[in-house]
Structures are given as structure tokens and as C-alpha cells.
There are 2 protein chains.
Amino acid sequence: MENRRTDCEAINIDIVEKVRPKMPEMNLLYELSDFFKVMGDGTRIQLLWALEESEMCVGDLAVLLNMTKSAVSHQLKVLRVAKLVRAEKKGKNVYYSLNDHHVKLILEKALEHVCE
Amino acid sequence: MENRRTDCEAINIDIVEKVRPKMPEMNLLYELSDFFKVMGDGTRIQLLWALEESEMCVGDLAVLLNMTKSAVSHQLKVLRVAKLVRAEKKGKNVYYSLNDHHVKLILEKALEHVCE
DNA sequence: ACCACAATTGAATAATTGTTCAACTATTGT
DNA sequence: ACAATAGTTGAACAATTATTCAATTGTGGT
């Protein structure tokens, strides 16, 4: 018997049990919400949008967003770990670019939603 | 002169100034990241996914997700404020359903991305 | 009128998170 | 070898947030 965290009985057990098998693996849902979590920050959205226009190095992005290099670098790391951007070192500079073109599609769909 | 928060000069001023006018209004970007913030939580993603299958009341959702009614209600409120779900009172129960069919499209696109 | 049940609410707590600051690494130019 | 610049890193701090708990509202049934 699994331990129950819930504090009530279902009103419509039939509906609940019909829906239950249609739910994706928890595993997958967490990956999904982690993905949205990465997008759910104003700075990171700006970075993604900027990099969609052109690859840039950290200093350029810092000037564009009017932030410190450190703050930008921290957020780029989050995007890097999430595999949304890619870093390439050229001399003293590190150039970042988008790693995944799904992202552009999702950003555009979400913008449609927000603008309606 | 605007106050500078940044701590460096741009390496490629030409690129920065070419990209700058292409950036959407900050305003819009914040709406966008707020939208993703709402999606960026495991519980809320589960709720959205479940409601895509069938409308349900709070008790049903609590049983399905194995959580307390209170926790579910709190998260439903977040989704309600974000206009992603709609509540309808029927007798003693409150039935929730998806309010926006863009959401399904975005969830599916994001799932494609995560599954690749 | 009363009881049982469904849902909401607000305060409290614990956990997570974004930015700052200072220290550090790595590379170029002299 | 040295100074200057680009970027990264970790700790600290403030702010935000998800869940729990207890109290409350509102509805239906008796």
C-alpha cells in the first residue's frame, strides 16, 4: 500500500482512474517543468532572445542587458547546463550561441499566447 | 545619461547596437517569463496535463496527484490568476478546466524538445 | 438549525533562486 | 615576466516560493 499524502476521497473515482493512466511519467513531467523553469526568468529570456539575433560574448551581452559580467555569466551557465546555449572560446572571449532551434519555436508560440 | 549597471565595455559595439533595436519591449519579455514561471513547477504541470484530459474538481485532483486539497487549491489559484484554467462551481464542488488551448500546443512542443 | 463535506485562505516554515562581491583562472600584448 | 582584460566561480544576502497547518466560508442533506 502506497503512503497517502492526500486528505480526502475522490468525488468521481471513475474520472480519476480514467485520467490516471494517461498521465506521462513523473520523470518526464519533471524534465518538462525544469525546462520551463529555465525559461521562467527575465534575464534568461533576454539572453535567449539576443542570442537568436547573433552570437555574442559575455561582455557584449552584459552591455546589451545592462548587467554585470558576473550576473550574465551565472545565467549563461544555467542555460548551458540546460543545453539551450553553447559556448565557444575564441582568444580572450567566449562566444555564446543558441544550441537548439526548438527554443525559437517555443518562444514564438508563447509570445503569441501572451500577446493575444 | 542612464545609470549603468554593467561593469565593462562591449567587445563588438556594432553587433550590440545591431541587436538592441530587435529586442522586444521589456514589458513583453516580463510577461513572457512570468508565463513560463507558471509552467515551471511540477505540480502545476501535472494539473494542466490532467485537466487536458478531463475537467475535475479539487478533491479529484488531490487524489490523482496524491496531495492535500489545500496544496492543490493554492496551485490552482496560481493557474487561475494566470488565466490558464477556469473554475466553475457546481453544488458543493468546484470544477476546473483548461481555459486556453494554446497551452496544450506549447506543452506538446516542449515535450518534443525534452524527449529528443 | 445543525452537521458533514468541499474548497479557500493566511500565516509559518523550509527550500530555492538571482544578484552582488571578491577572488580566481586564462589569455593577449608589451 | 608583467600588466591588462575576459570570464568564471563560490559564498553571502535578499527575495521569492511551495507546502503544511489551522481556521474559515459556503453548500447540501437531514
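Reminder, nothing fancy here: chain letters follow the sequence lines and each chain counts from 1. Side chains included, hydrogens not; waters and symmetry mates left out as well; all remaining heavy atoms used.
- Atom CG in A:Asp34 sits about 12 Å away from atom C1' in C:dT16, given to the nearest Å.
- A donor atom on one side chain and an acceptor atom on the other are not found under 3.5 Å apart for B:Tyr96 and B:Asp60.
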What are the atom names and distances for every N/O pair under 3.5 Å that joins the protein to nucleotides 11-18 of chain D?
unit_1 : atom_1 : unit_2  : atom_2 : d
D:dA18 : OP1    : B:Arg44 : NH1    : 3.2
D:dA18 : OP1    : B:Arg44 : NH2    : 2.9
D:dA18 : OP2    : B:Arg44 : NH1    : 3.4

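- Rounding to whole angstrom units, NZ of residue B:Lys92 and C1' of D:dG29 are separated by 8 Å.
- Straight-line distance from the CD atom of B:Glu88 to the P atom of C:dA6: 18 Å, rounded to whole Å.
- Atom NZ in A:Lys69 sits roughly 16 Å away from atom P in C:dA23 (whole-Å rounding).
- Heavy-atom nearest nucleotides on DNA chain D were determined for A:Ala71 and for A:Arg5, and the one closer to the 5' end corresponds to A:Ala71.
- If you check every strand for non-hydrogen atoms under 4.0 Å, B:Cys8 touches nothing.
- Contact annotation: B:Asn93 side-chain N/O to C:dA7 OP1/OP2 distance is under 4.0 Å.
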Check the pair B:Ile45, A:Tyr30 against side chain to side chain contact (heavy atoms under 4.5 Å, CB included), reporting the backbone distance first and the verdict last.
CA-CA 8 Å; B:Ile45 287 278; A:Tyr30 280 129; over 6 Å; no
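- C:dA7 atom P lies 13 Å from atom CD of A:Glu9, rounded to whole Å.
- One N or O donor and one acceptor, one from the side chain of B:Ser70 and one from the base of D:dC21, sit under 3.5 Å apart.
- To the nearest angstrom, P of D:dA4 lies 17 Å from CG of B:Asp7.
- Between A:His113 and B:Phe35, the ring-plane angle classifies as tilted under the 30° and 60° cut-offs.
- Summarising the geometry, the separation between CG on A:Leu76 and P on C:dT19 is reported as 12 Å, rounded to the nearest angstrom.
- Note that OG of A:Ser33 is 8.0 Å distant from CE of A:Met26, once rounded to the nearest 0.5 Å.
- Rounding to whole angstrom units, NZ of residue A:Lys77 and P of D:dA6 are separated by 21 Å.
- For CZ of B:Arg5, the number of neighbouring non-hydrogen atoms (other residues, nucleotides, ligands) closer than 6.0 Å is 12 at most.
- With B:Asp100 contributing its side chain and B:His102 its backbone, the two residues share a donor-acceptor pair below 3.5 Å.
- Side-chain N or O atoms of B:Arg44 include one that pairs as donor or acceptor with a backbone N or O of B:Val38 at under 3.5 Å.
- Residue A:Tyr96 is classed as a sugar-phosphate contact, given heavy-atom separations below 4.0 Å to backbone atoms only.
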